[in-house]
Visitor: 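One structure is given below, represented as structure tokens, and several questions about it will come after.
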Protein chains: 2
Amino acid sequence: MAGRTRNSSSKRATLADVARAANVSAITVSRVLNHPDKVSDELKNRVQQAIDSLGYIPNQSASSLASSKSGVIGVCIPSLSNVVFNDVLRGIYQVAGEGNYKVLLVDTHYSPLEEEKMVRTLLSQSPEAMIITGGDQTRSCERMLSQANIPVVQIMETLEQPLDMNVGFSHYQAGYDVAVRLLETGCHTLGFIGARMDTRVQQRMNGFMAALQERDRLDSKLIVTTPQPSSIALGGELLRSVISASGGKVDGIFCCNDDLAMGALFESQRMNIQVPSQLALCGFNDFEASAYINPSLTSVHVPRFEMGVKAAQMILDQLQERVPANRQVDIGYEIVMRQSTAVV
Amino acid sequence: MAGRTRNSSSKRATLADVARAANVSAITVSRVLNHPDKVSDELKNRVQQAIDSLGYIPNQSASSLASSKSGVIGVCIPSLSNVVFNDVLRGIYQVAGEGNYKVLLVDTHYSPLEEEKMVRTLLSQSPEAMIITGGDQTRSCERMLSQANIPVVQIMETLEQPLDMNVGFSHYQAGYDVAVRLLETGCHTLGFIGARMDTRVQQRMNGFMAALQERDRLDSKLIVTTPQPSSIALGGELLRSVISASGGKVDGIFCCNDDLAMGALFESQRMNIQVPSQLALCGFNDFEASAYINPSLTSVHVPRFEMGVKAAQMILDQLQERVPANRQVDIGYEIVMRQSTAVV
DNA sequence: CGGGCTTATGATAGCGCAAACATTTGCGCT
DNA sequence: AGCGCAAATGTTTGCGCTATCATAAGCCCG
């Protein structure tokens with residue numbers, strides 16, 4: 001190991017230690033780290049050497065306290081197990097990382113009360129901005145967020161009254177459109193299966209039901225939901241429920257996500273029900289598997305990665321005083337027709 | 001809204017503001033928050049009221065600085081898109097949350113250099129412990145971690161020389177066992193398909209190849225790998241490569257994960273290859289879909305959630321001076337035989 | 001009934017850093 | 001030569017909190 005080894009026994013080196021070693025003042029070291037253009041090359045080198053040889057790592061708490069800049073973006077998602085958020089997070093992390101922001105991520109377990117608690121925790125870290133899922137916050141949570149006086153982006157769905165900024169799409173409209181498309185492919189008796197039933201799933205369901213209602217095709221017995229978390233296994237169970245509720249007449253099902261849809265598809269195969277000739281299936285989220293499974297699964301594609309990127313970009317724009325063009329963005333969706341629904 | 005509304009215009013309330021409002025000293029407010037048993041009920045109430053009415057949220061940076069306790073656990077994973085880590089993270093978040101620790105999560109994109117950078121970032125937050133994936137750190141990263149003088153758990157694989165603590169299992173042995181099991185089901189010509197080829201995938205491959213080698217069954221033409229990230233689509237492509245490399249003779253394939261395995265299965269279906277009678281397939285990780293797909297997929301089940309829980313528990317034990325029983329834990333795995341491999 | 005407790009509260013100092021202001025230096029220009 | 005200005009570096013102060021020690025108030029016991 002080259003150079004002087006630090007006395008690993010004692011405490012972490014501080015700015016002052018580095019300053020002493022480089023024979024400069026503390027603020028010069030600080031400048032080397034934060035405003036390198038304001039320091040001469042000679043000092044920069046000397047300081048950098050001292051930093052390296054001491055293995056100095058800045059204390060972010062002290063820095064945050066002194067500068068009131070934490071470099072943290074707080075992110076609230078409702079579930080770590082729901083892989084839908086992976087892509088969104090990837091987008092957020094990518095942009096945040098490029099802007100030298102850290103991400104503090106919390107899981108609210110689909111509970112507004114837990115969300116309130118988590119937001120309090122996040123705010124105690126003095127984040128410079130927040131990204132938060134949906135619009136279903138408690139009053140007290142909303143108050144904290146607005147008092148924090150930082151950019152907030154609500155993601156995953158378009159909201160009538162965003163707290164601040166908003167990136168998403170209309171789940172209601174998506175559900176509505178799915179109903180229309182399924183009817184166009186020749187389905188007569190449409191059902192819906194949904195799990196977890198968070199607000200976004202409810203909106204998909206509402207849109208779906210509204211479209212059927214308008215066309216006098218709604219049979220509410222065929223709308224089967226459960227508060228249980230979604231899974232492939234559950235998709236199979238719910239399929240059976242709908243089939244039996246319809247007396248075997250159902251010929252098209254909108255599944256609130258691709259997990260349920262796959263479960264329903266696998267179960268159809270086991271029950272020897274032909275998809276799509278006897279039963280059309282449509283999922284939601286368009287996972288990779290949906291395109292490759294046999295028969296491939298019709299689903300609603302959502303640009304999740306792009307949603308994360310966009311949310312993070314709006315925040316960076318705001319933080320850098322580049323006021324973003326839009327404070328609300330509809331990121332859209334696309335119904336991808338595949339083999340699990342009939343060709344028109 | 002009941003009570004006095006805070007002057008939302010100005011800055012965030014501080015301990016001192018609360019103390020003034022409650023007519024106590026600052027330290028008393030601090031005690032109410034951190035050592036409530038040391039304050040009389042009367043003062044506790046008065047202080048709590050002041051906190052509520054001011055909407056006071058503690059400044060964690062100041063607290064960390066003064067107490068050198070950040071309440072943060074740093075976590076490094078190689079990929080946010082690899083859903084394998086979702087379960088691990090869920091376990092970590094659950095235990096960390098119960099212990100009132102926050103999780104700072106970073107993504108190293110499978111690069112030791114990026115990992116080093118991320119570890120530096122994490123350490124600047126003064127985490128009280130770190131969880132980090134695998135054993136493939138740079139020298140400099142190892143040095144930083146050991147100098148940090150905090151508990152470190154390396155997860156996902158068992159290591160010969162852990163930096164500190166370790167929870168995982170032997171990927172080599174798992175690969176070895178898969179080869180043995182596939183041979184036992186009557187396969188003669190075994191292939192391997194692997195993507196990304198991080199150290200753990202390599203070890204699975206090495207174990208698999210060693211078992212074949214020992215039995216004189218290794219044909220290295222049938223070991224097909226790519227550094228590309230894994231996907232279902234890629235599984236299909238790699239399947240075709242192995243089949244053509246074997247001149248159609250391959251009758252069993254170990255896929256380095258379930259994504260590839262599903263891709264291979266879907267592609268087999270499209271190519272009209274019967275699974276398992278013409279071709280046996282074995283995946284790795286045992287995703288939920290693997291149990292429900294038709295034919296269901298033989299895979300190596302890994303207790304990922306439990307691994308996350310265990311890692312976090314070892315850390316909490318350490319932080320609370322309850323020295324953990326073991327500093328290294330083999331969390332095991334299980335080969336789950338399903339329809340994609342023949343019954344013995 | 002007073003010495004030595006515990007318990008409840010307060011005063012002070014300092015954690016490590018960066019903002020704000022102060023000082024020094026060098027340089028161009030008249 | 002000397003003024004003015006910019007660039008480079010330093011000094012001081014305080015961010016908001018908690019550790020530490022100090023103090024005050026009750027309380028037990030012989």
Side-chain angles (χ1 to χ4, degrees), chain A residues 10-48 50-51 54-72 100 120-121 123-128 148-149, chain B residues 10-48 50-51 54-72 100 121 123-128 148:
Chain A
S10 73
K11 335 197 70 150
R12 184 166 152 185
T14 69
L15 252 201
D17 296 334
V18 176
R20 215 168 298 125
N23 198 29
V24 296
S25 73
I27 192 69
T28 299
V29 180
S30 168
R31 286 196 184 106
V32 169
L33 294 168
N34 302 315
H35 309 283
D37 51 311
K38 298 201 168 168
V39 181
S40 68
D41 287 347
E42 193 222 323
L43 281 202
K44 229 182 308 197
N45 288 336
R46 235 161 71 202
V47 168
Q48 192 58 56
I51 287 176
L54 291 174
Y56 170 69
I57 294 180
N59 182 324
Q60 180 61 46
S61 298
S63 172
S64 302
L65 186 58
S67 69
S68 43
K69 295 218 170 100
S70 64
V72 165
N100 269 313
R120 194 184 308 279
T121 301
L123 288 179
S124 79
Q125 307 288 324
S126 314
E128 295 182 43
N149 209 29
Chain B
S10 73
K11 333 197 73 147
R12 185 167 151 184
T14 70
L15 253 201
D17 296 335
V18 176
R20 216 168 297 126
N23 198 29
V24 297
S25 73
I27 190 71
T28 300
V29 180
S30 168
R31 285 197 184 104
V32 170
L33 293 168
N34 303 316
H35 310 283
D37 50 311
K38 299 201 169 167
V39 181
S40 68
D41 286 349
E42 193 223 323
L43 280 200
K44 227 182 311 198
N45 287 335
R46 234 162 71 203
V47 168
Q48 191 58 57
I51 288 176
L54 290 173
Y56 170 69
I57 294 179
N59 182 324
Q60 179 62 44
S61 297
S63 172
S64 303
L65 186 58
S67 69
S68 43
K69 294 215 170 100
S70 63
V72 165
N100 269 314
T121 301
L123 288 180
S124 79
Q125 307 287 325
S126 313
E128 295 183 43

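All values below were derived from every heavy atom in this structure, side-chain atoms included, with hydrogens, water molecules and symmetry-related copies excluded. Letters A, B, ... are given to chains in the order of the sequence lines, protein chains preceding strands, and every chain is numbered from 1.
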Visitor: Check whether A:K44 reaches the backbone of A:P36 with its side chain - one donor and one acceptor, N or O, closer than 3.5 Å.
Guide: yes
Visitor: Provide, to the nearest angstrom, the distance between the CG atom belonging to B:N59 and the C1' atom belonging to D:dG14.
Guide: 13 Å
Visitor: Any strand is fair game: report the nucleotide pairing with C:dC29 by Watson-Crick or G-U wobble, both distances under 3.5 Å, or none.
Guide: D:dG2
Visitor: Rounding to a whole Å, what distance do you find between B:N23:CG and C:dG10:C1'?
Guide: 12 Å
Visitor: Rounded to whole angstroms, how far apart are CG on A:L43 and P on C:dT25?
Guide: 14 Å
Visitor: Taking the side chain from B:R12 and the backbone from B:P58, do they hold a donor-acceptor pair closer than 3.5 Å?
Guide: yes
Visitor: Does A:S70 offer a backbone N or O that forms a donor-acceptor pair with the side chain of A:E128 under 3.5 Å?
Guide: yes
Visitor: Between B:Q60 (CD) and C:dC15 (P), how many Å, whole number?
Guide: 19 Å
Visitor: Kindly compute the distance separating CG (B:N100) from OG1 (A:T121), expressed to the nearest 0.5 Å.
Guide: 7.5 Å
Visitor: Quick check on C:dG10: is either OP1 or OP2 less than 4.0 Å from any side-chain nitrogen or oxygen of B:T28?
Guide: yes
Visitor: Using a 4.0 Å heavy-atom cut-off, write out nucleotides 18-26 of chain D from 5' to 3' as B (base contacted by protein), S (sugar-phosphate only) or - (no contact).
Guide: BBB------
Visitor: Roughly how many Å is it from CG in A:D37 to P in D:dA6, rounded to a whole number?
Guide: 17 Å
Visitor: Between B:V39 and B:L65, which has a closest nucleotide on DNA chain C that is more 5'?
Guide: B:V39
Visitor: Without decimals, in angstroms, what is the distance between A:N45 CG and D:dA8 P?
Guide: 14 Å
Visitor: In whole angstrom, what separates A:K38's NZ from C:dA19's P?
Guide: 9 Å
Visitor: What distance separates A:S67 OG from A:N34 CG, expressed to the nearest 0.5 Å?
Guide: 8.0 Å
Visitor: So, B:N45 side chain and B:E42 main chain: donor-acceptor pair closer than 3.5 Å or not?
Guide: no
Visitor: Using only side-chain N and O atoms of A:S25, determine if any of them is under 4.0 Å from OP1 or OP2 of D:dT11.
Guide: no
Visitor: State, without any angle test, whether B:S64 and B:S61 hold a side-chain donor-acceptor pair at a distance under 3.5 Å.
Guide: no
Visitor: Rounded to whole Å, please give me the gap between CG in B:L54 and C1' in D:dG16.
Guide: 15 Å
Visitor: Just name whichever nucleotide pairs with D:dA7, Watson-Crick or G-U, keeping both distances under 3.5 Å, else none.
Guide: C:dT24
